[in-house]
Structure formats: C-alpha cells, structure tokens
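These figures come from a predicted structure and were not determined experimentally. Order of listing sets the numbers, starting from 1, for every ligand and every atom in it.
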Amino acid sequence: MKKLIILLLLAVLVLTSCSPGLESHTVMGMDTFITFTLEGDLPDGAQELLWKYEKMFSRTDPDAELYLCNSMEEHTPSEELYALITEGLDICEKTNGAFDIRLGALSELWDFTSDTPAVPDKSDIDGALEQISTVTVRDGRVKKNAAVKIDLGAIAKGYIAEKCTSYLKENGFDRGIISVGGNISAFGKDENDPWRIGIRNPREGKSTIGYIEVCDGYISVSGDYERYFINDGVRYHHILDPKTGYPAKSGLISVAVISQSGALSDALSTALFVMGYDASMELYGSGVYDFEAVFVLEDGTVRTTPDSGFIPN
Ligand code: AMP
Ligand code: MG
C-alpha cells in the first residue's frame, strides 16, 4: 500500500498589513503556534494565562482538568471549564450536532497529532461513535458516562484568544493581534485604518485568496489543509463529521468566521465546515448567531455572507 503522509500545521491566517511600532512574539502552546503582535514586549502575565488554559483544556495531558473530568461520571470543574463545556454543548444543539464536543473518543482514534496517523478500522470508528452520549450540565456539575470524552479542541483556542485580549487591554495594550493556532483576535483599530487579515489559499500554502478588514473582532478559520494526511490518494483531515465518524465532506475546503466572540468564531468555523455552504447559510439566515463568514468551495469558488468585510485579491 502506497502511503504518503503529509502533516501540516500552518497559521491559517496571515497578517497582510501591520502598523509601525508593532512587534511579534511567538510562543508554542496547545500543540500550535501562538503569536502576539503588540506595541512592546509580551507581558509575563499573558504567558501565564496560556499555561493556565493549557492545564485546563487539554484532553491528552493527565494533569489537565479536562482530562480529570473526562475520566469521571460526575465532576465539579472550575467555573471556566464548566462555562466552556456548557457553551460547547449549547452550540452542539444549535448546529444540529455538526459541532460536537463529545467526540473525544473519535479524535483519540484518528489521532491527527501523531507522527504516523492512519485510517482507523470501521469497527473502531463505530465503537467511538457509540461513546457519544448525553452530557448533562447543571448547578456547576458535569454528568456523563465515563466513556464520553469531551474534546474542546474546536472552541478552546478562540476562547483563549479572547481571554488574552481582555488581559492585554486591562494591562494597557490599546491595539494588537493575537493568533492562537489561526484563531485571531484583532483589536484597537478604527474604520479609517482597519486591520487586514489575510485568508490563506487552501491549496497554495504561501498565497492568500484575499483579506478581511476588521477593527475589533475575532476571526477563526477551519480548513482541510491544517492537519491532514493522504492515504491511497485520499485526503483525511482533522475536522470530523460526528454523524459518520470520518473527516467531514461537505463540499467546503475552508471556512472563516468573523464574530464578536472568540469561542463562537472558533466553534462555528468548525461547525460550518461540517454543515456545508447551504446549511451554513440557513443558520446565518436564522439569526441564532451573529456572525459573518467566508467559504471556499472544493472547486476554489469563494462565497461570503453579505457583511463579511472580505476583499478578494
Ligand atoms: P478546528 O481546527 O477549530 O476546526 O478544530 C478541530 C479540532 O476540534 C480537531 O482537532 C478535533 O480535536 C476537534 N473536532 C474535530 N471535529 C469536530 C467537530 N465536528 N465538532 C467539535 N470538535 C471537533
Ligand atoms: Mg474551530
């Protein structure tokens, strides 16, 4: 069997214009690159925040709070972990299960962070799907079957970008950009001179398809080119369809979501990728969430919601 493995982890968004006086600081965390573009040095407190959240939200670190919660049937997590699990479950319901934080057993099975990822056996995929069952959150407690593994990988990075933004604003930083593995927070500009955030071409790594203008907001991109491998000519990427157990095949290869919440942008970019263009536009039209989006279809066509702020090349 000919097996070609390519595993890419690229920042999915690039900054195409920067104001003078800004410096970039990159640190590693949560299995990805985290870049702060700020006026001045990165304060120690920001790094400490990242460590705190890494210990809170990791599914794989035995010392992490989420890991502990995942091993139990009933648990009272910290208020922040409880709130993010609650928000994740709510988004799961409102996206009709396209976004589902209960799929940790499935993520573990596919293991896209391994050096040698492989297509799991169908029977193992079915077994992992059976483990997706009810998680109840009430009065600060999380109740579930101990086999259900919660995975916050599609919402936590955006949440962290938002928390870092609040911290920096409270500590005197008036403007800047934070990228947590491609989940961007851009803050402190006005309409005369907005940030320009480039959207990567999903099939030509070094180029962009255009950019989004934003003054204060969050942008997250989910694409089939961030973490993937190719086996017998088939691309297997890390965004899973919780209904099939396989990488989502919705006709989209990249989705960028813009909103006023980091966690929501992150979760919705994953959800819309799974739902596909038509269902995404239905969700947009329903008004359940306030967001804008830029879609790249399989054939390279770009579609946007009316107020996305996207400017093509
Ligand atoms: P993102 O890069 O934000 O789209 O998130 C992808 C990560 O979230 C994956 O690496 C998995 O850990 C997890 N994930 C994959 N598919 C889903 C899904 N449909 N719903 C929720 N989380 C998911
Ligand atoms: Mg996401």
message: Within the structure, is a non-hydrogen atom of Gly223 found at a distance of less than 4.0 Å from ligand 1?
response: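 No, that is not the case, since the closest heavy atom of the residue is not under 4.0 Å from the ligand.
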task: Using non-hydrogen atoms of the residue, decide whether Phe112 is closer than 4.0 angstrom to ligand 1.
output: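 Judged by the 4.0 Å heavy-atom criterion, Phe112 does not count as contacting ligand 1.
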- prompt: In the hydrophobic clustering that connects Ile, Leu, Val, Met, Phe, Trp and Tyr at side-chain heavy-atom distances below 4.5 Å, which members other than Leu68 occupy its cluster, ordered by chain and number?
  reply: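 ILVMFWY cluster around Leu68 also holds Met72.
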- request: Hydrophobic side-chain clustering at under 4.5 Å (ILVMFWY, transitive links): who's grouped with Trp51? Put none if nobody.
  value: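 Taking Ile, Leu, Val, Met, Phe, Trp and Tyr as members, Trp51 stands alone, with no cluster partners.
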Under 4.0 Å from ligand 1, counting heavy atoms only, is it the side chain of [X], its backbone, both or neither?
X	result
Ala248	neither
Asp100	backbone
Asp241	neither

Would you indicate which of [options] comes nearest to [atom] when only heavy atoms are counted?
atom	options	answer
atom 5 (O) of ligand 1	Gly181, Ser269, Ala154, Gly158	Ala154
atom 6 (C) of ligand 1	His237, His238, Arg102	His238
atom 17 (C) of ligand 1	Val257, Ile239, Leu103, Val255	Leu103

- prompt: Between Glu74 and Arg141, does a salt bridge (Lys or Arg N to Asp or Glu O under 4.0 Å) hold up when you go through it step by step?
  reply: CA-CA 7 Å; Glu74 238 186 290; Arg141 288 186 81 68; 2.8 Å; yes
- prompt: Regarding Thr305 and Asp307, is there a side-chain donor-to-acceptor distance under 3.5 Å anywhere?
  reply: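 Short answer, no.
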query: Picking from Ile212, Ile258, Val294, what satisfies side-chain contact (heavy atoms from CB on, under 4.5 Å) with Thr304?
result: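 Of Ile212, Ile258, Val294, side-chain contact (heavy atoms from CB on, under 4.5 Å) with Thr304 is met by Val294 alone.
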- prompt: Picking from Asn183, Val180, Leu42, Ile160, what satisfies side-chain contact (heavy atoms from CB on, under 4.5 Å) with Ile34?
  reply: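 The passing option is Val180.
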message: Rounding to 10°, state the angle centred on the Mg ion (ligand 2) that links O in Asp266 with OG1 in Thr270.
response: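 The two atoms form an angle at the metal of about 90°.
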Which of the numbered atoms in ligand 1 are under 4.0 angstrom from any heavy atom belonging to [X]?
X	value
Ser222	1 (P), 3 (O), 4 (O)
Pro242	19 (N)
Ala98	18 (C), 19 (N), 20 (N)
Phe99	20 (N), 21 (C)
Asp266	3 (O)

query: Does Tyr67 have Arg59 sitting over its ring (NZ/CZ under 6.0 Å from centre, angle to axis within 45°)?
result: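 Not satisfied by the 6.0 Å and 45° rule.
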Shared hydrophobic cluster for Leu106 and Phe99 (ILVMFWY, side-chain gaps under 4.5 Å):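 Cluster IDs for Leu106 and Phe99 differ.
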message: For the aromatic rings, using the six-membered ring if either is Trp, is the centroid distance between Trp110 and Tyr246 under 6.0 Å?
response: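 Centroid separation for Trp110 and Tyr246: below 6.0 Å.
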Shortest protein heavy-atom distance from [atom], along with the residue and atom involved:
atom	value
atom 13 (C) of ligand 1	Asp151 OD2, 3.5 Å
atom 16 (N) of ligand 1	Leu240 N, 3.0 Å
atom 1 (P) of ligand 1	Thr270 OG1, 3.4 Å

- prompt: Do Lys189 and Asp216 meet the salt-bridge criterion of a basic N to acidic O distance under 4.0 Å?
  reply: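 No salt bridge links Asp216 with Lys189.
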- request: Answer yes or no: is there an ion pair linking Asp241 with Lys243, defined by an N-O contact shorter than 4.0 Å?
  value: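 No, Asp241 and Lys243 are not salt-bridged.
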